[in-house]
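So the structure is just underneath, and the comments pick up after that.
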2 protein chains.
Amino acid sequence: MGAMTEKADAVPSAARRSRKVPKTADTLDIDFDIFGTLLSFYVRTVNILVSQDLDARMERLLLAGGTGKIATLLLVGANPGIRPSVLAHVIRKDRSAMGKLLDAMGGAELVEQRVSPAERRARELYLLPKGEALRARVRDVALTQDRDFFSVLDGGERAQLLGLLRKVYGRHLDGVPDAG
Amino acid sequence: MGAMTEKADAVPSAARRSRKVPKTADTLDIDFDIFGTLLSFYVRTVNILVSQDLDARMERLLLAGGTGKIATLLLVGANPGIRPSVLAHVIRKDRSAMGKLLDAMGGAELVEQRVSPAERRARELYLLPKGEALRARVRDVALTQDRDFFSVLDGGERAQLLGLLRKVYGRHLDGVPDAG
DNA sequence: GCACGATGATGGTAGGTGTCCACTATCTTC
DNA sequence: GAAGATAGTGGACACCTACCATCATCGTGC
């Protein structure tokens with residue numbers, strides 16, 4: 001394909017590979033109106049794009065879906081004993097949905113729940129050996145995907161974007177440390 | 001509540017209002033591991049937060065859900081005659097899902113589809129009077145919500161975030177103009 | 001002029017996700 | 001000891017995404 005809308009890049013994302021560009025209409029003269037200024041539109045659409053790309057790369061590791069599975073592996077791995085309610089809070093997931101995901105991951109022998117000796121209502125979460133093994137691989141893929149997907153940004157821009165998103169996240173989520 | 005995790009802000013977001021902070025566990029000493037450096041995690045979580053806030057503000061205007069409803073109103077309004085396939089592409093939505101949303105919006109007398117005289121396979125989209133009226137109100141709410149939600153950022157930071165997200169968006173979506 | 005491949009839209013389906021609520025066990029406060 | 005709050009569980013429901021098959025239409029090549 002000529003120089004038209006093709007974009008040179010080394011790593012095709014999942015969105016790029018799927019045939020999405022309409023062929024018999026010009027998509028280059030769209031008037032975005034205020035959309036061009038809405039952060040929420042861009043956050044949403046970039047999220048869709050990065051999620052599809054990440055899911056495509058993870059699908060052989062994680063097999064089935066499970067929004068929050070990656071986050072759970074990584075955060076439980078880094079915080080053995082973390083509670084479902086804390087995990088749900090940090091990743092902004094409904095508590096009962098969190099419980100269901102943990103049940104599924106327990107069934108897959110990735111995570112186990114133990115009653116907290118400090119408080120018998122609460123559970124502590126720990127990775128099982130299969131979970132530890134998967135965590136290592138998920139970590140590698142996640143880091144690589146993040147680097148590749150956002151490679152259009154140079155190092156300084158990447159740090160800027162991270163800082164700004166963290167600032168927004170920190171502002172809207174109570175009781176969460178400044179991550180990093 | 002003391003100075004603990006309460007954050008001073010003028011406009012409580014939907015996420016802030018819902019009781020999400022675990023009460024009997026410390027959430028401030030979480031080790032984010034690599035998550036603290038993953039743009040994808042922040043993009044995803046900020047998206048959840050901003051979507052919930054936006055949905056809360058829009059719910060009386062839009063009544064039922066409809067991911068893409070806001071985008072459709074604004075983009076069809078700004079581009080009368082736009083095609084479903086183009087719209088789907090720009091907002092990264094499955095074409096058949098786009099069609100279903102348009103059917104629902106047609107049923108609500110917000111949007112109409114006309115066979116394109118240029119190509120009878122294609123449809124052109126136009127807002128109906130109810131859609132135009134709703135568009136005006138949705139626009140106001142969207143602009144206000146965006147300003148309030150991202151108010152932790154100053155003007156320069158906001159412009160930075162917008163520029164960086166646009167750059168990522170433009171890189172991963174073929175055939176889309178630099179919005180703005 | 002016709003066959004074939006491509007395109008735009010439509011309809012159907014399956015699976016996954018998010019949200020909310022009721023309930024139980026447990027803990028704290030009065 | 002009662003009452004209210006908390007952590008977790010289970011169920012229900014609505015919504016969303018993704019994919020595929022199908023049809024009408026269009027463009028291209030022979």
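The structure displayed is predicted, hence computed values, not measured ones.
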**Q.** Residue from Leu74(A), Leu73(A), Thr72(A), Asn79(A) passing side-chain contact (heavy atoms from CB on, under 4.5 Å) with Val76(A)
**A.** Thr72(A)
Tell me: [atom1] of [X] to [atom2] of [N], nearest whole Å?
{"X": "His89(A)", "N": "dA7(D)", "atom1": "NE2", "atom2": "P", "value": "11 Å"}
{"X": "Ile48(B)", "N": "dT17(C)", "atom1": "CD1", "atom2": "P", "value": "12 Å"}
{"X": "Leu101(B)", "N": "dC15(D)", "atom1": "CG", "atom2": "P", "value": "12 Å"}
{"X": "Asp94(B)", "N": "dA21(D)", "atom1": "CG", "atom2": "C1'", "value": "14 Å"}
{"X": "Ile91(B)", "N": "dA18(D)", "atom1": "CD1", "atom2": "P", "value": "12 Å"}
{"X": "Lys93(A)", "N": "dG8(D)", "atom1": "NZ", "atom2": "P", "value": "15 Å"}
{"X": "Asp55(B)", "N": "dA14(D)", "atom1": "CG", "atom2": "P", "value": "18 Å"}
{"X": "Gln52(A)", "N": "dT17(D)", "atom1": "CD", "atom2": "P", "value": "10 Å"}

Q. Under 6.0 Å between the ring centres of Phe35(A) and Tyr42(A)?
A.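 So the answer is no for these two rings.
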Q) If you find the nucleotide of DNA chain D closest to Arg44(A) and the one closest to Lys100(A), which residue's nucleotide is nearer the 5' end? A) Lys100(A)
Q) Where each residue is assigned the nucleotide of DNA chain D containing its nearest heavy atom, which of Gln113(A) and Ser116(B) is assigned the position nearer the 5′ end? A) Gln113(A)
Q | Arg135(B) and Asp33(A) ion-paired at < 4.0 Å | A |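 A salt bridge is present here (some side-chain N lies under 4.0 Å from a carboxylate O).
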Q: State whether Glu112(A) and Arg114(A) are salt-bridged, where the test is any N-O pair (Lys NZ or Arg NE/NH1/NH2 against Asp/Glu carboxylate O) under 4.0 Å.
A: yes
Of all the nucleotides listed ([options]), which has the minimum atom distance to the side chain of [X]?
{"X": "Ser96(B)", "options": "dG8(D), dG11(D), dG11(C)", "answer": "dG11(C)"}
{"X": "Asp103(B)", "options": "dA9(C), dG11(C), dG10(D)", "answer": "dG11(C)"}
{"X": "Arg121(B)", "options": "dC26(D), dG10(D), dC19(D)", "answer": "dC26(D)"}

Q) When we call it a touch if two heavy atoms are under 4.0 Å apart, what does Ala97(A) touch: a base, just sugar-phosphate, or nothing? A)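 The answer is base, as Ala97(A) lies within the cut-off (heavy atoms under 4.0 Å) of a base atom.
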(Q) Check this one for me: any side-chain N or O of Lys23(A) less than 4.0 Å away from OP1 or OP2 of dG8(C)? (A) no
Q.
Tell me whether the side-chain N/O atoms of Arg95(B) come closer than 4.0 Å to OP1 or OP2 in dG8(C).
A.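 For dG8(C), OP1/OP2 do have a side-chain N/O of Arg95(B) under 4.0 Å.
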Under the 3.5 Å rule, do the base of [N] and the side chain of [X] count as making a donor-acceptor pair?
{"X": "Thr67(B)", "N": "dC15(D)", "answer": "no"}
{"X": "Arg120(B)", "N": "dT25(D)", "answer": "no"}
{"X": "Ser85(B)", "N": "dG8(C)", "answer": "no"}

Q: Answer yes if the side chains of Arg158(B) and Ser151(B) hold a donor-acceptor pair under 3.5 Å, and no otherwise.
A: no
Q: Look at the rings of Phe149(B) and His172(A) and say which category their plane angle falls in: under 30° parallel, 30 to 60° tilted, over 60° perpendicular.
A: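 Because their plane-to-plane angle is under 30°, the rings of Phe149(B) and His172(A) count as parallel.
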Q.
Please say yes or no: joined through hydrophobic side-chain contacts below 4.5 Å, possibly via intermediate residues, are Ile48(A) and Leu161(A) part of one cluster?
A. no
Q: Determine whether Tyr126(B) and Val115(B) fall in the same hydrophobic cluster, where Ile, Leu, Val, Met, Phe, Trp and Tyr are linked whenever their side-chain heavy atoms lie under 4.5 Å apart.
A: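 No; Val115(B) is not reachable from Tyr126(B) via cluster members.
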Q | Close residues, residues 105-112 of chain B, relative to DNA chain D [heavy-atom separation under 4.0 Å] | A | none
